[in-house]
Structure formats: structure tokens, C-alpha cells
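Notes to accompany the following structure.
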Amino acid sequence: MTGINTSKSIAQTLYEYLMAKRVGKEQSTWELIAKVYGKERVGEYSDEMLMDIDAALNEITLAAGTHTMDYSRSEGMFIGLPYNIPFVFRAVRQNNARFRDKGRK
């Protein structure tokens, strides 16, 4: 249970860092941890912990609904473990209003 709470806490810190400094930039969860906490700390985490942090970061981003972790640049590529896959942190576009004005859904 402690690992899960720690993963969520770390993911929340990473999300706040993304919001403040990384919108529109490409990085992986591993790279974010290294930037925020230092490369030495990343080495202290097991693969399982890193995957939990990555999953929690995706959940926090999805729940907030204002930004997305865009993995399209690496789609179809074999890169490795999920926390090593680069993504671009982007604001969610609000295109639906434009289509509603034209009678589309």
C-alpha cells in the first residue's frame, strides 16, 4: 500500500512539473523523474515502481482533463517498458464547439 501511495505522490509531483514547465515538450516518465528528483533516485526504484508511477501519471492527467500525454510519435515502435516511452504533454483541444456551430456532433 505504501508503494502505491508513494507512486501517486510522485506522479502528482511530476504532473505539477509538467503543467509548469513541460507543456508541448517531449519526455518519458523516466526522464521526468530524473529531472525532478535526480538520476540517482531513478536507480532506486524497481521496474514495478516505475510502471506504477507511469500509470498513476497517466491516470492523473486523464482525470484532470485539460492535457494529454500524446504518445503518437512512438506509435507502433518497440521502445521498451512503459516508463521509457516518450510522450508530448499537450493541452487538450476544445474543437467540439467549432463543430457544434456547424451543426455537427
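Note that the coordinates shown come from a computational prediction; the quantities given were computed from them, not determined experimentally.
A distance of 9.0 Å separates CD in E31 from NZ in K39, rounded to the nearest 0.5 Å. To the nearest 0.5 Å, atoms CG (L57) and OG1 (T13) are separated by 10.5 Å. From Q12, atom CD reaches atom NZ of K8 across 11.0 Å, with rounding to the nearest 0.5 Å. Rounded to the nearest 0.5 angstrom, L32 CG and K21 NZ are separated by 12.5 Å. To the nearest 0.5 Å, atom CG of residue N58 and atom OG1 of residue T68 are 8.5 Å apart. Atom CZ of R22 sits about 9.0 Å away from atom CZ of F87, to the nearest 0.5 Å.
Put simply, the side chain of M49 reaches to within 4.5 Å of the side chain of T6, judged on heavy atoms. Proximity of W30 to L81: side-chain heavy atoms (C-beta onward) are nowhere separated by under 4.5 Å. Residues L18 and H67 fail the side-chain proximity criterion, which asks for heavy atoms closer than 4.5 Å.
Applying the ring-ring contact (aromatic ring centres under 6.0 Å, His included) rule to Y17 yields no partners; only residues at least two apart in sequence or on another chain are considered.
Following chains of ILVMFWY side-chain contacts shorter than 4.5 Å, one cannot reach V23 starting from V88, and the two form parts of different hydrophobic clusters.
Residues P86 and S74 come closest through the heavy atom pair O-OG, 3.6 Å.
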Check the pair T29 / L50 against side-chain contact (heavy atoms from CB on, under 4.5 Å), numbers first and verdict last.
CA-CA 8 Å; T29 300; L50 291 167; over 6 Å; no
Yes or no on side-chain contact (heavy atoms from CB on, under 4.5 Å) for L14 and Q27, after CA distance, side-chain angles and deciding distance?
CA-CA 11 Å; L14 297 178; Q27 61 268 306; over 6 Å; no
Report the C-alpha distance between S28 and I85 in whole Å, list the side-chain angles of each, state the deciding distance to 0.1 Å, and finish with yes or no for side-chain contact (heavy atoms from CB on, under 4.5 Å).
CA-CA 5 Å; S28 68; I85 300 173; 6.0 Å; no
Might you work through the side-chain contact (heavy atoms from CB on, under 4.5 Å) test for Y83 and I33, ending with a clear yes or no?
CA-CA 10 Å; Y83 56 82; I33 296 169; over 6 Å; no
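The aromatic rings of F89 and Y15 lie perpendicular to each other, with more than 60° between the two planes, well past the 30° mark.
Between the side chains of D70 and S72, a donor-acceptor pair is found at a separation under 3.5 Å.
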